[in-house]
Peer 1: 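Got a structure for you, written out below as structure tokens; questions coming shortly.
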Amino acid sequence: MVSKPLHIKFKNQSTFNSSCGLCLNNACLIKRNLKALERSEIVNLKSTLPCKKGQQFIIEGAPVNGLFFILKGTVKVFRTGINGREQIVRFAKEGEIIGHRGFGTEEYYSIGAIALQDAVLCYFSKENLQDTLLENPKFAYDMMLFYANELNRSENKVKSISQMTVRERVIDTLLYIHRKFGDLRGFLNLPLSRKEYADYAGTTEEQVIRIFSSLKKEGLIKARGKKIAITDVQLLKKEISEHHYFLDT
DNA sequence: CCATTAAATTCAA
DNA sequence: TTGAATTTAATGG
């Protein structure tokens, strides 16, 4: 399966070159190991696919055939609960790996993934990746570090969901978005609906709206539609400090 | 949870 | 670029 459009036109904006050698994304594991991988076929066997905003590119329960790296854009990764409620597992940005949990022995994806903005994904087949990992210890080691990190993160999340109050979880979510995506002209650099905040924090849309309202009254945040500004990061951190060690990214 | 109104976003002319 | 149509936010029951 060799398909590689070299250039992908992107909504009247820039053009992205999908060849790893020219890629600017230094957060990417492949890119970082490019020297070690130069003898491998991996880079030639990848495919690059554009993905429109709102498009789901991993479906829960579908067979695992490979995994994705985000070249451009942001993505939400979620799992559907028993009553159809969505639990957002994480928000992922450029350079991150999606679908890795299904990689080892799992046959089917346990998560779904949707592009939050127009995105470009690099896709590597399972076989390709397996061959490369077997041949390349440095690359395999980096992958292992990545998995270890993910496990740590996921354990922290269990703790926060089970031990924090709703208000604390919402604040925690705001801080997570803030430190992962930063802000742009004072507003969080990732527009999310209240529903999405709720699905990450493990609560309901109404709760999020009401907590946002109190936070606004207290002067801790400002909101204009989907654009949220954190006016006092320190005070917010203080409110959840007893639970949190800020280990996750 | 649902209904209502206000506000914001999208879309196409 | 505008405003009409659609979606999302906010509040109160």
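Order of the sequence lines sets the chain letters (A, B, ...), proteins ahead of strands, with each chain counted from 1.
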Peer 1: Does A/Arg169 use its side chain to pair, donor to acceptor, with the backbone of A/Thr203 at less than 3.5 Å?
Peer 2: no

Peer 1: Round to the nearest Å and state the distance from A/Gln117 atom CD to B/dT9 atom C1'.
Peer 2: 16 Å

Peer 1: Find the distance A/Lys226:NZ to C/dT8:P and express it as a whole number of Å.
Peer 2: 6 Å

Peer 1: Do the side chains of A/Glu86 and A/Lys76 get close enough for a salt bridge, i.e. N-O under 4.0 angstrom?
Peer 2: yes

Peer 1: Report the C-alpha distance between A/Glu96 and A/Lys180 in whole Å, list the side-chain angles of each, state the deciding distance to 0.1 Å, and finish with yes or no for salt bridge (Lys or Arg N to Asp or Glu O under 4.0 Å).
Peer 2: CA-CA 12 Å; A/Glu96 293 192 41; A/Lys180 179 151 182 178; 2.9 Å; yes

Peer 1: Answer yes when A/Glu60 and A/Arg79 have at least one side-chain N-carboxylate O distance shorter than 4.0 Å, and no when they do not.
Peer 2: no

Peer 1: Does a nitrogen or oxygen in the side chain of A/Lys227 sit under 4.0 Å from OP1 or OP2 of B/dA8?
Peer 2: no

Peer 1: Quick one: A/Glu205 CD to C/dT7 P, roughly how many Å, whole number?
Peer 2: 14 Å

Peer 1: For the residue pair A/Ile59 and A/Tyr109, establish whether any side-chain heavy-atom pair is separated by less than 4.5 Å.
Peer 2: no

Peer 1: On DNA chain B, does the nearest nucleotide to A/Arg224 precede the nearest nucleotide to A/Thr204 from the 5' side, or the other way round? Give the residue.
Peer 2: A/Thr204

Peer 1: Parallel under 30°, tilted from 30 to 60°, perpendicular over 60°: which one fits the rings of A/Tyr176 and A/Tyr200?
Peer 2: parallel

Peer 1: Do A/Glu239 and A/Arg167 sit within salt-bridge range, that is, some charged N less than 4.0 Å from a carboxylate O?
Peer 2: yes

Peer 1: Can you tell me the distance, in whole Å, between the CD1 atom of A/Ile228 and the P atom of C/dT8?
Peer 2: 15 Å

Peer 1: Name every residue in residues 206-217 of chain A that has at least one heavy atom under 4.0 Å from any atom of DNA chain C, in order of residue number, or write none if there are no such residues.
Peer 2: A/Ile209, A/Arg210, A/Ser213, A/Lys216

Peer 1: What parts of residues 188-195 of chain A reach DNA chain C, counting only heavy atoms under 4.0 Å away?
Peer 2: A/Ser193, A/Arg194

Peer 1: State whether A/Glu196 and A/Lys226 are salt-bridged, where the test is any N-O pair (Lys NZ or Arg NE/NH1/NH2 against Asp/Glu carboxylate O) under 4.0 Å.
Peer 2: no

